[in-house]
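Computed over heavy atoms, backbone and side chain alike; hydrogens, waters and symmetry mates excluded.
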Amino acid sequence: TGNRGPATGNRQSSMRVGGDIARRLLDFAVTVVRLAAALPKDPAGRHVASQLVRSATGGGANYEEARAAESREDFIHKVGVAAKEVRETVYWLQFIQRSAWAREDLHAAIREAGELAAILGASVRTARARRGQAPSR
């Protein structure tokens with residue numbers, strides 16, 4: 001009972017700054033990869049699935065890189081790339097929704113992507129605003 005966290009794995013990485021966003025990005029990527037596997041296997045479906053998987057997984061991967069950034073500028077750049085990837089994923093999800101290729105409703109996934117993109121964008125703005133300040137770590 002209670003929120004004990006994962007039974008296995010590296011608890012320290014999830015407890016670092018940004019662990020909740022990293023977990024949400026990972027969960028989101030898993031959801032999107034499962035969706036992509038159900039898309040049509042024709043050339044158009046394969047193209048969209050490839051773009052969707054690339055952008056959805058790229059968001060979390062770039063955010064993990066940002067969490068290990070060597071400088072504030074490096075952090076800003078990598079979180080900015082992560083935000084762009086997640087926004088691209090919104091586009092592909094909306095495309096799939098509009099094309100009626102998905103069997104399930106994608107509104108929850110689109111909403112989650114929008115929230116993640118907003119959080120990442122706010123993180124970039126905050127880091128930019130703190131450029132001249134000493135690191136808080």
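- Hydrophobic clustering places L39 together with F95 (ILVMFWY residues linked when any side-chain heavy atoms are closer than 4.5 Å, directly or through intermediates).
- Between D27 and R23 a salt bridge is recorded (basic side-chain N to carboxylate O distance below 4.0 Å).
- To the nearest 0.5 Å, atoms NE2 (H107) and CD (E112) are separated by 15.0 Å.
- With hydrophobic clusters built from ILVMFWY side chains whose heavy atoms lie under 4.5 angstrom apart, L25 does not share a cluster with V30.
- At a threshold of 4.5 Å between non-hydrogen side-chain atoms, the residues I76 and R131 count as touching.
- Contact detail for A127 and R72: the closest heavy-atom pair is O-CD, 3.4 Å.
- Considering every non-hydrogen atom in both L35 and A102, the closest pair reads CD1-CB, 4.0 Å.
- The line from CD of Q51 to CZ of R46 is 14.0 Å long, rounded to the nearest 0.5 Å.
- For the pair A82 and Y63, the tightest heavy-atom approach, listed with the atom from each and the gap, is CB-N, 3.9 Å.
- Evaluated for a side-chain contact (heavy atoms from CB on, under 4.5 Å) with V79, the options D74, N62, T126, L120 yield exactly one hit, L120.
- Not one N or O on the side chain of E88 forms a donor-acceptor pair closer than 3.5 Å with the backbone of S55.
- Here D42 contributes atom CG and H47 contributes atom NE2; the two are 12.0 Å apart, rounded to the nearest 0.5 Å.
- W101 and V90 fall within the same hydrophobic cluster, defined by Ile, Leu, Val, Met, Phe, Trp and Tyr side-chain heavy atoms under 4.5 Å apart, directly or through other members.
- To the nearest 0.5 Å, atom CZ of residue R125 and atom CZ of residue R130 are 13.0 Å apart.
- The two residues A113 and F28 come nearest to each other via the heavy atoms CB-CZ, 3.5 Å.
- The cluster map of Ile, Leu, Val, Met, Phe, Trp and Tyr, joined by side-chain heavy atoms under 4.5 Å apart, puts L106 and V53 in different clusters.
- Summarising the geometry, atom CD1 belonging to I110 is positioned 12.5 Å from atom CD belonging to E115; distances are rounded to the nearest 0.5 Å.
- Residues F75 and A66 share a closest heavy-atom pair of CD1-O, 3.3 Å.
- Between atom OG1 of residue T89 and atom CG of residue L52 there is a gap of 6.0 Å, rounded to the nearest 0.5 Å.
- In this structure, K78 does not pair ionically with E64, as no charged nitrogen and carboxylate oxygen lie closer than 4.0 Å.
- V32 approaches A56 most closely through the heavy-atom pair CG1-CB, 3.5 Å.
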